[in-house]
Amino acid sequence: MQELIVAPSILAADFSRLAEEVHAIEEAGADWIHCDVMDGHFVDNISFGPMIVDLVRKQTKLPLDVHLMIQHADHYLPRFVKAGANSINVHVEPEAKHDVAKTLGAIRDAGCRAGLAFNPATPFEKVEPFLDKIDILLVMTVHPGFGGQSFRPEMMAKVKRAREWQKSHEAPLEITVDGGINPETARLSIQNGANVLVAGTSIFHATDYTDAIRELRGSE
Ligand code: DX5
Ligand code: ZN
């Protein structure tokens with residue numbers, strides 16, 4: 001069984017004291033730090049860019065898992081690599097306006113792990129041709145653009161298929177769930193085969209980050 005990874009999403013952090021927040025979740029037991037980059041075009045929200053990823057990089061040695069909810073990810077890729085990303089997730093939907101296979105190759109060529117993300121409305125068949133070209137498959141369990149949304153349990157069918165593919169190909173594929181993850185939905189996600197849990201609200205809005213992360217793990 002693959003290691004269970006807890007990746008707090010800094011989108012829910014208090015940006016007025018971001019450095020402190022990064023130190024706090026590292027001490028609280030986070031495995032990766034998830035950075036949600038939104039451009040106001042691919043999604044109906046604007047978050048932050050390479051400058052914030054660079055800032056987070058300077059505060060921690062934890063792996064930075066960058067989630068690009070932007071158009072033309074191929075154009076901006078070098079800036080996130082330079083900022084210190086360890087894994088970069090790009091979207092498969094045509095609205096992301098890039099050559100998916102080419103971008104995934106460029107991510108790996110830059111020495112980062114390549115992740116492919118797909119929205120709730122996007123069927124599994126759309127990512128299947130790329131499964132042997134990626135390190136991480138990110139299953140959106142909410143429609144992207146905002147934190148604090150409700151988890152969509154019907155996405156578990158995709159997680160299950162991804163885990164079946166990983167096992168039948170004995171591929172080192174990490175399977176991420178992203179959106180509405182809390183102890184209850186974490187348990188369901190793990191039961192269906194996910195091993196990377198991205199969580200924003202359930203960690204950063206908790207009074208004790210260590211307890212919050214332990215509760216997500218406790219779902220193992
Ligand atoms: C949404 C982002 C998620 C989000 C998770 O588009 O990709 O990473 O920040 O936040 P919660 O855990 O609050 O749903
Ligand atoms: Zn995300």
Side-chain angles (χ1 to χ4, degrees), residues 5-15 18 21-22 25 28 30-50 52-53 56 62-71 73 76 80 85-93 95-96 107 112-122 127 134-156 158-159 174-190 194-207 209 212-213 215-217 219:
I5 303 281
V6 174
S9 160
I10 58 166
L11 189 70
D14 176 352
F15 270 62
L18 186 57
E21 292 271 65
V22 171
I25 49 167
D31 300 298
W32 299 354
I33 295 184
H34 185 80
C35 303
D36 286 307
V37 178
M38 303 175 181
D39 67 350
H41 295 286
F42 181 70
V43 287
D44 184 22
N45 196 6
I46 299 171
S47 61
F48 51 81
I52 294 290
V53 174
V56 174
L62 287 178
L64 300 189
D65 181 51
V66 174
H67 180 189
L68 296 181
M69 288 162 277
I70 67 172
Q71 293 182 335
Y76 296 98
F80 291 99
N86 298 90
S87 51
I88 299 177
N89 303 275
V90 296
H91 273 262
V92 74
E93 289 79 16
E95 294 78 13
I107 294 170
C112 294
R113 302 177 82 200
L116 188 61
F118 62 129
N119 293 345
T122 305
V127 298
I134 59 175
D135 306 292
I136 302 167
L137 181 69
L138 191 158
V139 180
M140 289 301 309
T141 42
V142 298
H143 188 71
F146 300 90
Q149 300 181 77
S150 301
F151 176 86
R152 301 174 64 152
E154 69 274 21
M155 295 303 118
M156 292 303 99
K158 294 177 180 178
V159 173
E174 314 258 26
I175 300 170
T176 300
V177 284
D178 184 9
I181 300 299
N182 59 36
E184 190 198 330
T185 57
R187 189 167 45 249
L188 185 64
S189 299
I190 293 164
N195 73 296
V196 182
L197 307 172
V198 171
T201 309
S202 67
I203 294 175
F204 285 107
H205 295 194
T207 43
Y209 294 171
I213 290 176
E215 280 169 38
L216 289 173
R217 274 192 211 295
S219 334

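Remember, it's 1-based here, ligands and their atoms both numbered in the order they're listed. By convention here, the first residue in the shown sequence is residue 1.
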Would you say S9 has any N or O atom under 3.5 Å from an N or O of ligand 1, going by distance alone? yes

My understanding is that only residues two or more places apart in sequence, or in another chain, count here; which of them pass side chain to side chain donor-acceptor pair (under 3.5 Å) with Q149? none

Write down the atom of H143, the atom of P120, and the distance for their closest heavy-atom approach. N-CG, 3.8 Å

What do you reckon, does H143 put a non-hydrogen atom under 4.0 Å from ligand 1? no

Answer yes or no: is there a side-chain heavy-atom contact under 4.5 Å between E21 and I203? no

Taking 2.8 Å as the limit, list every protein N, O or S atom around the Zn ion (ligand 2), by chain and residue number. H34 NE2, D36 OD1, H67 ND1, D178 OD2

Numbered atoms of ligand 1 (with element) below 4.0 Å of M140, judged on heavy atoms: 7 (O)

Passes side-chain contact (heavy atoms from CB on, under 4.5 Å), V139 versus F118? Steps please. CA-CA 6 Å; V139 180; F118 62 129; 3.7 Å; yes

Minimum distance, heavy atoms only, to atom 14 (O) of ligand 1: which one of S47, G180, G147, A7 is it? G180

Return the minimal non-hydrogen interatomic distance between I213 and A28, and the atom names on each side. CD1-O, 3.7 Å

Residue pair L18 / A13: nearest heavy atoms and the distance that separates them: CD1-CB, 4.1 Å

Polar-atom distance check: G148 versus ligand 1, any N or O pair below 3.5 Å? yes

Numbering the atoms of ligand 1 from 1, which are under 4.0 Å from a heavy atom of G179? 14 (O)

List every atom of ligand 1 that sits less than 4.0 Å from any heavy atom of G145, numbering the atoms from 1 in the order shown and giving each element. 1 (C), 6 (O)

State the atoms of ligand 1, each with its element, that fall below the 4.0 Å cut-off from a heavy-atom position in M38. 6 (O)

Residues two or more places apart in sequence or in another chain: which of them pass ring pair (Phe, Tyr, Trp, His ring centres under 6.0 Å) with F204? Y209

Atom 13 (O) of ligand 1 has as its nearest protein heavy atom T201 OG1, 2.4 Å

Does V177 reach the side chain of L197, with side-chain heavy atoms less than 4.5 Å apart? yes

Write out the residue and atom name of the closest protein heavy atom to atom 3 (C) of ligand 1, then the distance separating them to 0.1 Å. D178 OD1, 2.9 Å

Is any side-chain heavy atom of I136 less than 4.5 Å from a side-chain heavy atom of D65? yes

Return the minimal non-hydrogen interatomic distance between S9 and V198, and the atom names on each side. CB-CG1, 3.9 Å

V53 and side chain to side chain contact (heavy atoms under 4.5 Å, CB included): which single residue from I33, V66, I10 fits? V66

Show which atoms of ligand 1 fall inside a sub-4.0 Å distance from at least one heavy-atom site of P144. 6 (O)

Test: salt bridge (charged side-chain N to carboxylate O under 4.0 Å, His left out). Region: residues 35-48. Which pairs qualify, not counting sequence neighbours? none

Show your working on side-chain contact (heavy atoms from CB on, under 4.5 Å) between Y76 and L68 and close with a plain yes or no. CA-CA 9 Å; Y76 296 98; L68 296 181; 5.8 Å; no

Note: ligand 1 atoms sitting under 4.0 Å from heavy atoms of A199 are 12 (O)

Are the side chains of M140 and M155 in touch, meaning some heavy atoms are under 4.5 Å apart? no

What are the atoms of ligand 1, with element, lying closer than 4.0 Å to any heavy atom of F146? 1 (C), 6 (O)

If we number the atoms of ligand 1 from 1 as shown, the ones under 4.0 Å from a heavy atom of H34 are 8 (O)

Run down the list D36, L11, L197 and name the one with the heavy atom closest to atom 2 (C) of ligand 1. D36

Protein heavy-atom partner closest to atom 12 (O) of ligand 1 - residue, atom, separation in Å: G200 N, 2.8 Å

